[in-house]
Amino acid sequence: MQFDSFTFVVFFAVVLCAYNAFRGWAARKWFLLIASYVFYAAWNPLFLPLLIGSATLDFWIARRIHASTGRAARKHWIVATLLINLGVLGLFKYHAFLLDNYAALLALAGVHYVPARFDIVLPIGISFYTFHSLSYCLDIYRGRFAPTRNWRDYALYVAFFPQLVAGPITRFTQMREQIESPRRTTRANLGLGCALLVLGLFEKCVLADTVFAPVADVFFNAVGTAHAAAAWSGTLAFSGQIFCDFAGYSTCAIGAALALGFVLPTNFRFPYAAIGFSDFWRRWHISLSTWLRDYLYVSLGGNRHGAWRTYVNLMLTMLIGGLWHGAAWTFVIWGGMHGLFLAAERFARERLLPANWQAPALLRFGYGLLTLLLVTLTWIWFRASDVATAWQAFAHLLPTGNGPAWDSGQMFAVVGFALVTAAHWLMRDHDLMTWQQRLPAPVIGIALGLMLAMIVLSPGDNHAFIYFQF
């Protein structure tokens, strides 16, 4: 049940009406929990017990952590939940990757080993709801708050359907008060929530699926025969697609939650206008980057043990972050490249530049363009099916004589990416709420109407949201 399906429109309309028909807050929460389970079961009902079981186990373990008086006992419980959660995630997501690499290592030693293949389907959203549960248990272990006594409230936090399968990755501190305090749909929240749904679907259906995806697919599905025009347009097209696809999902999730009276955290803040790579990760997939910072980078030691360890911790964090996105070396390389960018930027800022030095505006803009170029090039590793294909894609970026002229689809995608980037620079120091308050209501209404018309008339193929595979 995707946000861009008629099934979801009917589902969401029924949920809105029924949710507001209940008078008591407890009844509305039970209804939202059941609706969230129905939403998840629509993908594959066989994985619903895994979601419920995972949440129930972590709810119980968190209470054991809080009740333990000795440090050793608390550590045993947190290690248990880490092993269970990461073990389940590893079984479903990484078993084939690990077996293939184990066989490759044996082959280097002259041992021929063919691993057995297990037809294990990846449960949708498992990476996201696993991070929800882990952050809750880790915060309890660190003594940041006491666990909730209500299983329903915790289960709703994990399974809340707008953010269940692809984020944003919320913390319990962001949702606890919203779940415990009564709320319902208001006219203002419904209007703004529906506007965000339209904007998110426009990003997904019109920009990602219609403008960018066809050009990106043509290049990455036939890299070996591509020319420079196809390579550059395909790379830029995927850069536009990955943003509009994932930001579109996050915008829809935030809008759907807002219509129900809940506020989810911002997940994207105009990342293609980032000035530097640390700035990029403060703007791209914010809920994941802050999760990795708070629960992985800090746990590794952060910047508390000298410069060398800081660089190592940065690299490890980004390598693991890359592997979180997918069980392939291309994702590891993608994460490693961002780790190198972050480490180089930190080294330059701390060792080469004077303290409190402020770069001139023109230099900042130039660094922003360099950031965009390198981010765009690293997306090749994210999209390529394997390492060899990625290297081929890079090779075809270099012009080799008079290749074919750019066709209309390629030009349209490149212009579309340029317009998206320009919008990011225009909005980099603002947010959508500010613009919504500044613009007259008729202008907003006309813009939303045009977006809705283009969504309905969009000829692009319907693609599953890219981050569903993670």
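Along the sequence shown, residues are numbered consecutively beginning with 1. All of these numbers come straight from a predicted model, not from anything done at the bench.
Side-chain contact between T251 and F3 is absent, with no heavy atoms from C-beta onward closer than 4.5 Å. A heavy-atom distance below 4.5 Å is not found between the side chains of I179 and Y154. Side-chain contact between H424 and R283 is absent, with no heavy atoms from C-beta onward closer than 4.5 Å. Counting only heavy atoms from C-beta outward, the side chains of D279 and T371 never approach each other to under 4.5 Å. Here the side chains of L377 and F394 are in contact, with some heavy-atom distance below 4.5 Å. With a 4.5 Å cut-off on side-chain heavy atoms, M451 and E203 do not count as touching. In this structure the side chain of D139 never reaches within 4.5 angstrom of the side chain of F172, judged on heavy atoms. With a 4.5 Å cut-off on side-chain heavy atoms, T130 and F92 do not count as touching.
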Take W43 and Q2, measure what side-chain contact (heavy atoms from CB on, under 4.5 Å) needs, and give me the verdict at the end.
-> CA-CA 9 Å; W43 301 97; Q2 293 198 162; 3.6 Å; yes
(request) Check the pair F238 / F219 against ring pair (Phe, Tyr, Trp, His ring centres under 6.0 Å), numbers first and verdict last. (result) CA-CA 10 Å; F238 181 70; F219 171 56; over 10 Å; no
Residues Y19, F31; criterion ring pair (Phe, Tyr, Trp, His ring centres under 6.0 Å); working and verdict | CA-CA 7 Å; Y19 168 73; F31 173 75; 7.2 Å; no
- request: Walk me through it: do V215 and F412 pass the test side-chain contact (heavy atoms from CB on, under 4.5 Å)?
  value: CA-CA 9 Å; V215 177; F412 199 42; over 6 Å; no
Practice problem: Apply the test side-chain contact (heavy atoms from CB on, under 4.5 Å) to residues I380 and F220: give CA-CA distance (whole Å), side-chain angles for both, the deciding distance (0.1 Å), then the verdict. | Solution: CA-CA 9 Å; I380 290 176; F220 284 100; 4.3 Å; yes
key: Evaluation steps, side chain to side chain donor-acceptor pair (under 3.5 Å), between S289 and W284   = CA-CA 8 Å; S289 61; W284 178 273; over 6 Å; no
### Worked verdict on H338 versus W281 for side-chain contact (heavy atoms from CB on, under 4.5 Å)
CA-CA 9 Å; H338 274 279; W281 283 102; 3.2 Å; yes
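Judged by the 6.0 Å distance and 45° axis criteria, R63 is not positioned over the aromatic ring of W60.
Each of L316, T317, L292 was checked for a side-chain contact (heavy atoms from CB on, under 4.5 Å) with Y297, and the lone residue meeting it is T317. Of the candidates D209, L199, I455, D209 is the only one forming a side-chain contact (heavy atoms from CB on, under 4.5 Å) with K204.
With ring centers used as reference points, W381 lies 6.0 Å or more from W329. Taking the six-membered ring for Trp and the full ring otherwise, the centers of W324 and F331 sit at least 6.0 Å from each other. Between F280 and F341, the distance separating the two ring centers is not shorter than 6.0 angstrom. Residues Y272 and F417 bring their aromatic ring centres within 6.0 Å.
Checking side-chain atoms of T210 against main-chain N and O of L207 turns up no donor-acceptor pair under 3.5 Å. Panel note: side chain N267, backbone S287; a donor-acceptor pair is recorded below 3.5 Å. Here the side chain of N85 pairs a donor or acceptor atom with the backbone of T81 at under 3.5 angstrom. At distances below 3.5 Å, at least one donor-acceptor pair connects side-chain atoms of H396 with backbone N or O atoms of V223. Side-chain N or O atoms of N101 include one that pairs as donor or acceptor with a backbone N or O of F97 at under 3.5 Å. Distance alone, capped at 3.5 Å, is enough to place a donor-acceptor pair between the W291 side chain and the F131 backbone. Between the side chain of H66 and the backbone N or O of P147, no donor-acceptor pair lies under 3.5 Å. Judged by distance alone, with hydrogens and angles left aside, the side-chain atoms of H325 form a donor-acceptor pair with the main-chain N or O of G321 at under 3.5 Å. The closest donor-acceptor contact from the side chain of W334 to the backbone of W379 lies at 3.5 Å or more, if one exists at all.
One finds the CD1 atom of I78 at 5.5 Å from the SG atom of C137 (value rounded to the nearest 0.5 Å). Between atom NE2 of residue H285 and atom OG1 of residue T290 there is a gap of 9.5 Å, rounded to the nearest 0.5 Å. Note: R176 CZ to T170 OG1 = 14.0 Å, rounded to the nearest 0.5 Å. Atoms OG and CZ, on S135 and R142 in that order, are 10.0 Å from each other to the nearest 0.5 Å. Note that the OH atom of Y157 and the CD atom of Q178 stand 12.0 Å from one another [nearest 0.5 Å]. The CZ atom of F262 sits 5.0 Å away from the CZ atom of F160 when rounded to the nearest 0.5 Å.
Contact record, T330 with D386: CG2-C, 3.4 Å, taken as the closest heavy-atom pair. Considering all non-hydrogen atoms of both residues, F268 and S250 come closest at CE1-OG, 3.6 Å. Of all non-hydrogen atoms in I140 and I65, the two that sit nearest each other are CG2-CG2, 4.0 Å. The shortest heavy-atom contact between L448 and A195 is CD1-CB, 3.7 Å. Contact record, L48 with A41: CD2-CB, 4.2 Å, taken as the closest heavy-atom pair. When every heavy atom of F212 is checked against every heavy atom of A413, the shortest pair comes out as CE2-O, 3.2 Å.
Residues meeting the side chain to side chain donor-acceptor pair (under 3.5 Å) test with R269, sequence neighbours left out: none.
The existence of a salt bridge linking R144 and D294 is excluded, since no basic side-chain nitrogen approaches an acidic carboxylate oxygen closer than 4.0 Å.
Screening residues 27-41 for side-chain hydrogen bond (donor to acceptor under 3.5 Å, both in side chains), with sequence neighbours left out, gives K29-D153.
Atom CH2 of W391 sits in a sparse spot, with 12 or fewer heavy atoms from other residues, nucleotides or ligands closer than 6.0 Å.
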